[in-house]
Amino acid sequence: MRRVKRRYLVVMKLRENISASEILAKSIDAAFGVYGLSRTRPTSIYKRGKYEIVSIVREGLPLARAALSLYSYDEIIVVRVTGTSKRARRIVDSMPEA
Amino acid sequence: MAKRRRYVELFMGPLSLTQPLEDTLEACEAYYRLCKSYGYDHCIAAFETQKWHREYADLLQGVKRHGCADAVRVDITASRAGDALRIMRGARRLADLVALRGVTRQLVALASRDRRVDIVTFIPGISPPLYGGDMRYIEAKNGVVEIGIGGLATTAKNILSRQLAAAYRLAIKAGKRVDVAISVAGGTRYAPRDPRSLVEFGALFLELRRDSLREMLSTRILQVIERNREKNTGTIPVEGVRIEAGEEKIPGGNEAA
């Protein structure tokens, strides 16, 4: 079976007590519906302070970005996109805590 | 290693021309910090105005001197062509970019024909359609068509689909011949969008080419600003003429003259 390649979004949350993956899923659902969700499959893999790593299917990255330009643009910011979770974690850990 | 693209925030604001300079600078700095966190490298402070007063000149010069924005843009939101012309007369030499919001047929015709207008802004659902004749003029003066998506996020779903259809029609028509930019111009409240998200929005919803959009939101707009600065400083006195060095003598030139 072909391995699903993923991208890791380092996301900064602009409000407290929110889940970046849920917000991303909500905005993808609003913009592209179930089709968009099945193409992206956003999953949260790591959280630290106001930063969170969300993993999505590589082919769905343009959909996720386009959805963010219409919805939730003032709730989360995509800081960086990496190809490995290790690199994404290293970026999040290097960020200041506050 | 691939060179990182440096994006330009086309519409940082809107800032008010009627406020005192200190308040404007404070707001400008706050916007600048916000834009930096969204991944922009250059920001253009946008001032919206419907009328022109002489006092506005001092404010624009103050913002340029302070350096809280990389460039200054005046967004003309007048509803009549006469008012728009009056603003252009006052603002053209002070602003790095002049944008005219095409909300009526008359204004779209003026914006596409007048060489002082760099950016013709269209608000989907409000602006009239763009005709082939307008396109020819914009193409000839190397202008930019801008689609403001600021209002799309706040509209109800049934209106959104209509506005998106209008934006799509415009992008398809303009994208064939001139550069199309996407910004939050004309939004009800300011919130910058991640530049890469804007590119993907343009590519997926408006069927614009990704590479040309990226070029537009980074290097192309900086070239327009550079050209305008050269016009203002006199390096380009008229279209097609450029003074390279003022002090050098022309070999074989007439010394007495």
Side-chain angles (χ1 to χ4, degrees), chain A residues 7-15 18 20 23-40 42 49-52 54 56-83 87 91-92 94-96 98, chain B residues 2 4-5 7 9-11 31 33-40 124 147-161 163-164 167-168 171 181-185 187-211 213-214 217:
Chain A
R7 287 284 177 265
Y8 301 89
L9 312 186
V10 178
V11 176
M12 186 170 81
K13 295 178 274 189
L14 299 178
R15 284 193 284 122
I18 54 170
I23 287 173
L24 196 62
K26 218 165 63 183
S27 50
I28 293 168
D29 187 26
F32 299 102
V34 178
Y35 167 76
L37 281 176
S38 73
R39 287 284 302 272
T40 51
K50 59 178 180 177
Y51 293 96
E52 190 171 329
V54 181
I56 62 165
V57 177
R58 188 181 65 178
E59 282 71 28
L61 182 62
L63 297 186
R65 279 205 189 274
L68 275 182
S69 71
L70 274 183
Y71 305 100
S72 316
Y73 50 85
D74 50 357
E75 287 178 307
I76 54 172
I77 301 174
V78 178
V79 178
R80 212 40 212 274
V81 179
T82 64
R87 176 101 182 95
I91 289 169
V92 169
S94 71
M95 297 286 189
Chain B
R4 194 171 67 88
R5 195 173 279 278
Y7 285 99
E9 169 60 306
L10 273 178
F11 191 88
Y31 280 143
R33 276 197 293 276
L34 192 64
C35 290
K36 286 277 174 186
S37 67
Y38 273 79
Y40 287 102
I147 301 174
I149 65 155
L152 293 184
T154 50
T155 49
K157 222 165 185 183
N158 56 338
I159 305 170
L160 176 70
S161 56
Q163 291 192 351
L164 265 178
Y168 178 76
I182 296 173
S183 78
V184 292
T188 45
R189 75 195 161 100
Y190 181 73
R193 313 291 159 89
D194 169 20
R196 289 159 193 93
S197 298
L198 284 181
V199 170
E200 294 304 340
F201 172 85
L204 284 173
F205 284 92
L206 308 179
E207 283 191 27
L208 293 166
R209 279 175 43 234
R210 269 192 189 89
D211 50 347
L213 251 178
R214 283 194 194 114
L217 295 174

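Labels below follow one simple rule: chain letters A, B, ... track the order of the sequence lines, proteins then strands, and each chain is numbered from 1.
Summarising the geometry, atom CZ belonging to R196(B) is positioned 13.0 Å from atom CG belonging to L68(A); distances are rounded to the nearest 0.5 Å. A distance of 8.0 Å separates CG in D74(A) from CZ in R193(B), rounded to the nearest 0.5 Å. To the nearest 0.5 Å, atom CG of residue L204(B) and atom CG of residue L70(A) are 10.5 Å apart.
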I77(A)/S37(B) under side-chain contact (heavy atoms from CB on, under 4.5 Å): CA gap, chis, key distance, verdict: CA-CA 8 Å; I77(A) 301 174; S37(B) 67; 4.0 Å; yes
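Surrounding NZ of K13(A) are more than 12 heavy atoms belonging to other residues, nucleotides or ligands, all under 6.0 Å away. Atom CZ of R210(B) sits in a crowded spot, with more than 12 heavy atoms from other residues, nucleotides or ligands closer than 6.0 Å.
Nearest heavy atom pair, residue A31(A) against residue F205(B), reads CB-CZ, 4.5 Å. The two residues P62(A) and E200(B) come nearest to each other via the heavy atoms CB-OE1, 3.2 Å.
Both the backbone and the side chain of L63(A) come within contact range of chain B, with heavy atoms under 4.5 Å apart.
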